[in-house]
Amino acid sequence: LRDRPGECSGRMVACWAGKLALMSLRVSILAALALILGLPFALSLARDGQGLPSEGPRLVVYTPHVQQIRWEFAHAFSAWHKREFGESAVLDFRTPGGTSEIRRQLAAQYIAALKQGKYELVQTGDGYEVAMPPGTIEADLFFGGGSYDHGELKRGVRYVFAGAAPDGTDLELDVPMSVPASFSQPELDELYGENVIGPQTLYEPEQYWIGTALSSFGIVYNTELLARLGLPAPEAFGDLTDCRLLGSVALADPRQSGSITTTFDSILGNAGWDEGWRLLRAMCGNTRYFTNSATKPPSDVSQGEAAAGLAIDFYGRGQAQTAGRGRVGYADPAGAVYVDADPVTLLRGGPNYELAMRFVRFTLTDEAQALWQFPSLESDREGAPPSEATGEPLGPLRYELRRMPVRRAMYDRYFDRFKDKVVPFEIVSRIENPGWRTGVQVMMGCFAADIAEQTRAAYEALCDARGNAAFPPETLAAMERAYFAFPPTPVDAEGAFTSGEPVERLAWTESNYRAVRNSWRPDGAQRRAEIYYTRWFRERYAEVIEMRDTREPAGLFANGPSGEPGDDA
């Protein structure tokens, strides 16, 4: 080419022309790909903004609710507010995380406000109340989530007011993050009737939170995968312990999901301490994974990634509707279902209490309650019953939310319009949740979530032995004891967990639960206990597998029927 520069130049021109053409082609492909991927998203954003006001009084609302719920309530509340008060209103939704994460962020805001002196100490007959001026925090409402977290808002944050007592000493007070709603009792009685569903309430008796919908916790399942495994549709939580489901159950990690913690706590309450923990441990033995999101199991069951899992009712029913053709089902185990109110809470020091209270009232109207369970008006406008207030058809405009209304009157008047023919007041468990949430989170992290592979391998070994009629019964009994056992908790003279010389070893029993839980409270104690428990469970699982392979009783639980470890634990 050096000898023929003219040809060289020509080839270089052709080369660069080719490169430019290739670059242009790549840019065109990327632009087309961006258009294909981005256009539905852009259209969705534009569609979601249609019909929603941008002018008018504004409420800032913290919520874990999904976009569909936010859109329907924003649209309906604005129309209701314009009819009742002559102007539209704007719901400014903020979604900084799940329910527990929102609560933690609110607690940080209140602590910061207290440190900045944004409060007034008001002396009452039996103590002090902390008042906060409007606008102390940016949000007016907390909408959605479970009653547990909303109850924690009432409990509030603990703060030391230096030198605030009459004698100049410090005052340490609990400052609620919520304030009561302002319904009269006759209003509440008319709206709710009896304030009870199973052992739960529909609203907090002092109105620190107000129930707007109901949530149950049940089983979502893939009918095709179950048929391949030779299993019928599950009807009870115990059905998820069947050995044929090994590696096919999807669960959320209770340390990451408040709703699944509530479900596990409910299972323990209904089954009792001993049988309940056996059920949970067997269920964990069948898990495919532990996820940090309660929305993932129903999605994966729908896609065939798992045969069954635990889910909040509207997640399960929503996936059943999306999958179609009967591929996905959802079951509320009758008489064992925990049903919880999904509340709204007015926040202390929010900018606009009056407007916030209007929204709370709106959530209990027929218009708002119909949003939860009626078919969308896009799909069926003709069959929609009219509102008594406006004559307009009731129901969500666009999205079918598949939630259960909180007001009994909705079931009496409109049940034939419901998408899901379920009456939560009839299927609810009558047994109160025992309040073992902390134990669920700590222990399930140690015996399952953090060592899921070993848990599954040990349960597989146990299932192998159970299914072998020739397997030695004494070895199988030892395997059962080892798999389902719990470690003792060594505590010192003050009752704190210790990795040194213990004064006492507390067995994991119902009567000892609070003492064990309290032993984790000193700084660093819970983490040390978790390390100890996890190692202990891992060793027991190794023993289960060894006994399956050798057919001989071995390890800590080789002898004795009690299942309790000896001094060498």
Side-chain angles (χ1 to χ4, degrees), residues 65 69 99 143-154 180-181 183 185-219 236-237 258-271 310-317 330-345 360 363-366 368-374 401-415 418-437:
H65 279 320
I69 293 175
T99 308
F143 179 38
S147 64
Y148 174 81
D149 285 288
H150 284 259
E152 290 296 294
L153 291 184
K154 177 187 176 183
F183 291 100
Q185 191 58 50
E187 285 181 301
L188 291 172
D189 293 342
E190 183 178 355
L191 288 166
Y192 289 99
E194 187 180 6
N195 183 23
V196 65
I197 181 163
Q200 302 295 112
T201 58
L202 301 172
Y203 60 88
E204 201 277 327
E206 295 181 280
Q207 303 187 44
Y208 276 90
W209 57 258
I210 299 294
T212 65
L214 295 172
S215 297
S216 64
F217 303 84
I219 305 169
F237 293 114
S259 61
I260 201 67
T261 303
T262 299
T263 306
F264 290 146
D265 196 26
S266 175
I267 289 172
L268 287 171
N270 279 278
L310 298 184
I312 304 174
D313 55 356
F314 61 95
Y315 288 150
R317 294 190 184 105
Y330 173 81
D332 278 316
V337 177
Y338 178 80
V339 179
D340 191 26
D342 194 295
V344 61
T345 288
V360 175
T363 64
L364 298 176
T365 62
D366 283 7
Q369 290 287 290
L371 298 177
W372 293 122
Q373 182 58 211
F374 283 21
L401 305 182
R402 310 297 292 268
R403 305 292 301 271
M404 306 309 297
V406 74
R407 290 179 52 207
R408 289 179 174 87
M410 299 298 292
Y411 300 84
D412 297 335
R413 296 205 298 261
Y414 304 115
F415 191 65
F418 280 24
K419 289 290 294 184
D420 303 298
K421 299 300 189 285
V422 176
V423 181
F425 297 94
E426 296 177 356
I427 65 170
V428 63
S429 167
R430 308 295 171 180
I431 299 174
E432 186 172 2
N433 269 21
W436 297 329
R437 295 174 65 94

Quiz item: Do Tyr338 and Gln200 get their side chains close enough for a donor-acceptor pair, meaning under 3.5 Å?
Solution: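 Yes.
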
Would you check if the side chain of [X] reaches a backbone N or O of [Y] as a donor-acceptor pair within less than 3.5 Å?
X      : Y      : value
Tyr192 : Gly211 : yes
Gln373 : Asp420 : yes
Arg408 : Glu194 : yes
Asn270 : Ser266 : yes
Asp265 : Trp436 : yes

Quiz prompt | Pair Arg413 + Asp366: basic N to acidic O under 4.0 Å | solution =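 Salt bridge present between Arg413 and Asp366.
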
Self-check item: Salt bridge flag under 4.0 Å for residues Asp412 and Arg407
Solution: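 Result for this pair is no, no salt bridge flagged.
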
Where [X] and [Y] come nearest, the two heavy atoms and their spacing:
X      : Y      : result
Pro343 : Gly145 : CD-O, 3.0 Å
Gly218 : Pro333 : CA-CD, 4.1 Å
Pro405 : Leu214 : O-CD1, 3.5 Å
Val428 : Gly198 : CG1-N, 3.7 Å
Ala311 : Gly316 : CB-N, 4.3 Å
Gly144 : His150 : O-NE2, 2.7 Å

pair [X]-[Y]: side-chain heavy atoms closer than 4.5 Å:
X      : Y      : result
Lys154 : Trp209 : no
Phe217 : Leu310 : no
Leu188 : Asn195 : no
Val344 : Val360 : yes
Val406 : Asp342 : no

Exercise. Return yes when atom CD of Glu190 has more than 12 non-hydrogen atoms of other residues, nucleotides or ligands closer than 6.0 Å, and no otherwise.
Key: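 No, the 6.0 Å shell around CD holds no more than 12 heavy atoms from other groups.
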
Rounded to the nearest 0.5 Å, how far does [atom2] of [Y] lie from [atom1] of [X]?
X      : Y      : atom1 : atom2 : answer
Arg430 : Glu432 : CZ    : CD    : 13.5 Å
Trp372 : Phe418 : CH2   : CZ    : 13.0 Å
Phe374 : Gln369 : CZ    : CD    : 9.5 Å
Ile312 : Ser259 : CD1   : OG    : 3.5 Å

Quiz item: So, is the end of the Arg403 side chain (NZ or CZ) under 6.0 Å from the ring centre of Phe314 and within 45° of the ring's axis?
Solution: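 Ring-cation test returns yes.
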
Quiz item: Among Asp340, Thr262, Thr201, which one satisfies side-chain hydrogen bond (donor to acceptor under 3.5 Å, both in side chains) with Ser147?
Solution: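 Between Ser147 and the candidates, side-chain hydrogen bond (donor to acceptor under 3.5 Å, both in side chains) is satisfied uniquely by Asp340.
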
Exercise. Look at the aromatic rings of Phe143 and His65 and report parallel, tilted or perpendicular, splitting at 30° and 60°.
Key: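 If you compare the ring of Phe143 with that of His65, the planes turn out perpendicular.
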
Exercise. Determine whether the aromatic ring centres of Tyr411 and Phe425 lie less than 6.0 Å apart.
Key: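 Between Phe425 and Tyr411, which both carry aromatic rings, the centre distance is below 6.0 Å.
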
Practice problem: Mind running side chain to side chain contact (heavy atoms under 4.5 Å, CB included) on Tyr208 and Thr345 for me, showing each step along the way? | Solution: CA-CA 6 Å; Tyr208 276 90; Thr345 288; over 6 Å; no

Exercise. Report the C-alpha separation of Tyr330 and Ser216 in whole Å, then their side-chain angles, then the decisive distance to 0.1 Å, and conclude whether the side chain to side chain contact (heavy atoms under 4.5 Å, CB included) test is met.
Key: CA-CA 11 Å; Tyr330 173 81; Ser216 64; 3.6 Å; yes

Quiz item: Which is it for Asn433 and Tyr148 under the side chain to side chain contact (heavy atoms under 4.5 Å, CB included) test, yes or no, and what are the steps along the way?
Solution: CA-CA 11 Å; Asn433 269 21; Tyr148 174 81; over 6 Å; no

Quiz item: side chain to side chain contact (heavy atoms under 4.5 Å, CB included) between Arg317 and Asp332: does it pass, once the steps are laid out?
Solution: CA-CA 11 Å; Arg317 294 190 184 105; Asp332 278 316; 2.9 Å; yes

Quiz item: side-chain contact (heavy atoms from CB on, under 4.5 Å) with Leu202: which of Ile197, Ile210, Thr212?
Solution: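 The residue from Ile197, Ile210, Thr212 that satisfies side-chain contact (heavy atoms from CB on, under 4.5 Å) with Leu202 turns out to be Ile197.
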
